[in-house]
Each structure stands twice: as structure tokens, then as C-alpha cells.
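Report on one structure; see the data block that follows.
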Amino acid sequence: MKFSQLAIYIQQIDKTQSRLEITRLLSELYLKLNKEEIDKTIYLMQGRVAPLFDPVEFGMAEKSVIKAAVSAMQIDPSLFKTKYQEIGDIGKTVEYFKNQYHSFEEMDLEIIVVFEQLQRLAKASGNGSQTLKQGILSLLIRQLNAVSCCYLVRIPLGILRLGFSDMTVLDALSWMLTGDKKLRGEIEHAYHVLPDLGMIGKIVKKDGIKGIKTIKPKLFTPIIMMRAERLSSGEEIIKQIGRCAIEPKYDGFRLQAHFDRKLNQVKLYSRNLEEVSLMFPDIVEGIKKQIHGDKIIIEGETVGFDPKTGKNLPFQETVQRKRKYDIAETAKTVPLKFFVFELLYIDGISYLSFGFEKRREKLTQMIEKNKNLVLAPQKIINDGKLIETYFDQAVSDGLEGIMAKKLDGIYQPGARGWNWIKFKRSYSSKVNDTIDCLVMGYDLGKGKRTGFGIGAFLAGVYDEKNEQYLTVAKIG
DNA sequence: CGTGTCTGCCC
DNA sequence: ATTCTGC
DNA sequence: GCAGAATGGGCAGACACG
């Protein structure tokens, strides 16, 4: 399929508000694509050239895209910026200028060709790579038509803004097979353990739902991580899920660990499924030493601690461990603990659809005494007031708050359902920490907020001692 | 080789 | 991360 | 109630440039 034809579909979807209609349009598009195109098209429509967990990034955002557009069409940068501020969207701005600019380099490129060029762009690195990236995008802008360019430039920006995301893609894949959403559940289940929409699309295209059914959790393929809903009191939590497990909420970062004992290999994944094993050699070693079992997927929160006092560090300091260089040195000043709270898989058995209590029971037997790895403490609580007490204790211990987990709740990857509930200081109904601020300025909005004219307010307070206004925050 | 700008990823 | 909005 | 699109602060790292 030509990229221009894809652009027409995207344009239609862009105009459509009804999710059902979007789903229908997507399924129609998927039907027309062949099996070599569907995965690439899905990646492009997610603003990527590879699955989420591949570390392939464009390294190109607003500033660089503008440079490429300006050089492609030989526009005065300040003219572009003025128009961009007026329109509020880089894609539409490029389209506007492209409509007035005609190049004899224009040609009807295949989707696959555009994909390959964008992949080349993304992979460019080292000296002169910025020029190369801008050159590739620049040429594509001259080759493609105006509508195509609008969406082309939004791809590296990661803001297609089409009003759909993962879940709609899964719906559309079901729709492609049966004309409705009835296979969505099965496809979604596969997606959770193979979080690669392009691959899922390709499998559906090639082998239909049979192919999907063979997808199982696999070591070193990260599983989409479960997220929590929010509530602001113990009573509400009990009302929502009744008797539940309460755990501290650590202020660090989430890690999913995969361990194959025979291969003696550990891989760690961040919340967005980025592989981060090299950043945390201490956690890797801890897992090798302190875990029972041969093939394992566990999850938890990692937090830095003060080597002298043993106390957990604030996020600001823990985050310094997220680095590529000087890892060993930083590991000495900011050593880590890994508070483990989930078991997803062990020795061929997926624990995803088991209830929390069952997962926890097994997990408890798997961790060898507390060192680098610590089994997250927990308490079963049946009473809203007790939850509040536990929460207050957690806060005064310097924790972020608490997590409440439904006892028979399955592990639901993604942000679905109420099996996990977080209760943090910032939304505790007890805390009343409002202050009066002055509006000191504002940003022009982007996207939908362009028409409104204001994106975020700059808020400030008056410092009476020094008789000056100090900025406090931007508020979206 | 140091500095500034930009980007991506954590929350 | 939080917050808002349309469906 | 949910999915999606807005927005925040702050850190490390990659390049460009003088």
C-alpha cells in the first residue's frame, strides 16, 4: 500500500470521534494491508518503528522536526514558528506550507519504504547524526504529499493524536476477523504477555485466532505491568474491595525481573518495558543469590538507601541510579534494595490468572532472607480505620503511601480494574495543603488547547522578606 | 574539551 | 506522575 | 468508568558548536 493511501485512512480517523467508527476504519485498513505491511503500519501509527520494549528511539522531537521541515521547504524559521503558534500543531503547520510548495521530487512511496527511511533515521547515531536525521526527514517531506507530511512529522513526535491507542488496535484486529469485538479478550491476553502490537497484528493476519492462542508468557519477553487505581481513604478502599492486603508504597522505580538459572541470566525491565539490566548490577546479583526456582518472573519496586543509616532515600536520589555510565561508583553511594511484591511466572506456570493470595504465598517461599532483595511486608486488613492507621504509619516512616490489593484479584496487566488501589499522601482527604498563588504567566497551548489560547499557568508566590515574586510551578 | 540545547525516561 | 473530557 | 490527550519536575546522556 502507498503511504498516501495510509495517510487518507489516518486523516479519516483523525476526523472521527466515535471510537466504534475508528475501530471499523482501522479494521478496514488492516484488511487491505498485506502481512509484510501490517506490523510496520501498526508501529508507525503508534509513533514508532519498533515495539515498545525495543530501545529504538527517534532522537528527534519538536525542535529537530521543525528544523527538518524548514530546510525541506526553504521557509524562514520565524515564519514557520509564527504559523505554528497560530495553528498549534506541527503536522498541520507542515501541511499548510507543503500545500504551497511543490517539488519535482514528489513521488508516491510505499508504506514500507517510508518505514525503512524512518527506521534508518531512528538508528542514526554519532557524529553528524542530527544532520543525517534531519536530512532523511527533509527528503521525505519533499517526496510525500501535503496530507502525508502532516502525519509523517507527527510520527517522530509521538503525537499522532488520533484518539485511539493500544486497546482500539486490539478491537480492530478482532473486528478484522469476525466483524465485531468478540475476540478482543483473547487478543488482549496475548498482548499482555507479548506487548508488541505489530507482532500481534502480523500473527492475527497470518494465522488468525489460532496463532494468538499459542502465545504464552516467555522469559525475557516483558509482561505489561499492572497499574493501580486511586482512592483517598481507608473507608473507600474497604467499600471497593473489602478485606484486602495492605503493602507500603515505595517511592522508587518499578522493576520486572526475569531469571533463567540454567543460563545464569537476569534481565530487568522498567515500567515502560525498557530493558535496564545493566543499570542495576546489585539487583541482578541479588536475584541470582536470593531466589529459589529455575525460570522466574517477579516484580517489585527498587529504592536507594543510605549506606550509613539504612534508611530509604527520596526518589530524587534513587533516580540517579538510572544511568549508563559510572554505574559501579554510583552503586556505592546509592545502594539499592529491591522490594519484591509480585510473582508472575515460575518454572513453566503462569501465575497471572491466579488470585493475589496464591501468588503471594508462593512468592513468600521463593525469597531467601532479606538482603538486596526484600519481600515487601504486608498485612491483611478488614477495617477502614485500621487502613488509615497503617497509612499514617507509612507516611511517618517516609513512605509514599500504601497499596491495597484485592485478595482474589488476578494480575491484570495495564490499567484495568480495581485489583490494586493506591492511597497516597497527596490525595489523602486529611491533608489540606492548599496555598494561594498568583498567575504570573502562561504557555500557549498545543493540540486541543490551541483554540483556548492557554496551555499551562505559571503560578507564583510573593516573598515578603525579599520583596519579590517567586515562581512555584506550572499548572496544566 | 567545556558548555548549551535537546531528547527520552523516570515519577 | 496528575488532571480533565468525551463517549 | 474508561481511554485518551493534555500537562508537570527532574535527571542523565547525546550532539553541536565554539
Side-chain angles (χ1 to χ4, degrees), chain A residues 13-14 16-23 46-48 52-53 55-67 88-89 122 124-134 154 156-171 188 225 227-230 232 240 249-255 269-276 279-280 301-304 314-327 330 334 400-401 412 414-418 422 424-427 442-452 454-459 471-476:
Chain A
I13 291 169
D14 200 5
T16 307
Q17 298 212 310
S18 152
R19 182 85 42 83
L20 278 177
E21 179 59 12
I22 290 175
T23 309
Q46 297 291 117
R48 297 193 57 86
L52 268 182
F53 54 82
V56 185
E57 299 302 333
F58 288 103
M60 208 176 184
E62 191 166 304
K63 309 283 177 188
S64 323
V65 168
I66 290 176
K67 278 186 195 165
D89 178 285
S125 71
N127 231 302
S129 60
Q130 284 300 310
T131 317
L132 178 58
K133 283 170 194 278
Q134 284 165 28
R154 284 190 193 174
L157 296 174
I159 47 158
L160 272 288
R161 272 198 289 247
L162 299 179
F164 78 90
S165 186
D166 308 21
M167 294 305 135
T168 314
V169 172
L170 300 178
D171 278 341
E188 186 181 337
M225 296 198 206
R227 298 198 220 167
E229 286 294 339
R230 295 179 305 175
S232 53
Q240 185 72 38
K249 187 175 191 314
Y250 299 100
D251 195 8
F253 29 75
R254 187 91 168 262
L255 286 181
Y269 300 90
S270 72
R271 202 187 74 153
N272 291 334
L273 310 183
E274 215 68 56
E275 206 212 305
V276 291
M279 292 180 195
F280 309 114
E301 187 90 357
T302 192
V303 188
F315 180 75
Q316 204 181 328
E317 298 190 49
T318 301
V319 79
Q320 294 173 30
R321 284 295 307 268
K322 187 186 168 294
R323 55 170 56 245
K324 195 170 166 183
Y325 304 109
D326 305 324
I327 291 169
T330 321
V334 186
E400 229 196 337
Q412 287 178 294
R416 350 206 79 247
W418 289 83
K422 57 184 166 186
K424 286 174 39 171
R425 224 172 339 176
S426 56
Y427 30 87
Y442 61 88
D443 287 337
L444 297 166
K446 288 180 191 172
K448 273 189 183 175
R449 299 215 184 167
T450 319
F452 187 51
I454 295 171
F457 285 112
L458 179 64
T471 60
V472 173
K474 283 187 181 178
I475 302 162

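Nothing here was measured: the structure is a model prediction, and the numbers come from that model. So that the names make sense, note that chain A is the first sequence line, chain B the second, and so on, each numbered from 1.
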Worksheet item: Would you say A/Thr330's side chain and A/Arg321's backbone share a donor-acceptor pair under 3.5 angstrom?
Response: no

Counting any heavy atom closer than 4.0 Å, what does [X] reach on the DNA or RNA strands: base, sugar-phosphate only, or nothing?
X        : value
A/Val65  : nothing
A/Thr318 : nothing
A/Leu132 : nothing

Specify the separation, in whole Å, of atom [atom1] of [X] and atom [atom2] of [N].
X        : N      : atom1 : atom2 : result
A/Lys63  : B/dG8  : NZ    : P     : 13 Å
A/Asp89  : D/dA6  : CG    : C1'   : 13 Å
A/Asp251 : B/dC10 : CG    : C1'   : 11 Å
A/Leu170 : D/dG4  : CG    : C1'   : 15 Å
A/Arg425 : B/dC11 : CZ    : P     : 17 Å
A/Lys133 : B/dC6  : NZ    : P     : 16 Å
A/Arg19  : D/dA5  : CZ    : P     : 8 Å
A/Glu21  : C/dC7  : CD    : P     : 14 Å

Within the structure, does a side-chain N or O atom of [X] lie under 4.0 Å from either OP1 or OP2 of [N]?
X        : N     : result
A/Lys422 : C/dT2 : yes
A/Arg230 : C/dT3 : yes
A/Ser64  : B/dC6 : no

Discussion item. Regarding A/Asp171 and A/Arg19, does a basic nitrogen lie under 4.0 Å from an acidic carboxylate oxygen?
Written reply: no

Heavy-atom side-chain proximity of [X] to [Y] below 4.5 angstrom:
X        : Y        : result
A/Lys422 : A/Arg227 : no
A/Arg154 : A/Asp89  : yes
A/Pro55  : A/Glu275 : no
A/Ile22  : A/Leu162 : no
A/Lys424 : A/Lys249 : yes

Worksheet item: In terms of the nearest nucleotide of DNA chain D, which residue is placed more toward the 5' end: A/Gln316 or A/Leu160?
Response: A/Leu160

Item to complete: Specify the residue among A/Gln240 and A/Phe315 whose closest nucleotide of DNA chain D lies further upstream toward the 5′ end.
Response: A/Gln240

Discussion item. According to ring pair (Phe, Tyr, Trp, His ring centres under 6.0 Å), who are the partners of A/Phe253, at least two apart in sequence or on a separate chain?
Written reply: A/Phe280

Worksheet item: When rounded to the nearest 0.5 angstrom, what is the spacing between CG in A/Asn127 and CG in A/Leu132?
Response: 12.0 Å

Discussion item. Using 0.5 Å steps for rounding, measure from the CD atom of A/Gln240 to the CD atom of A/Glu229.
Written reply: 8.5 Å

Discussion item. Starting the side chain at C-beta, find the nucleotide from B/dG8, D/dC2, C/dG6 nearest to A/Ala61.
Written reply: B/dG8

Discussion item. From C-beta outward on A/Thr168, which listed nucleotide comes closest to its side chain: D/dC11, D/dG4, B/dC10?
Written reply: D/dG4

Worksheet item: In B/S/- notation, 5' to 3', how is nucleotides 12-18 of chain D contacted by protein heavy atoms closer than 4.0 Å?
Response: SSSSS--

Output one line per pair: protein atom, nucleotide atom from nucleotides 1-4 of chain B, and distance, for all N/O pairs under 3.5 Å.
none

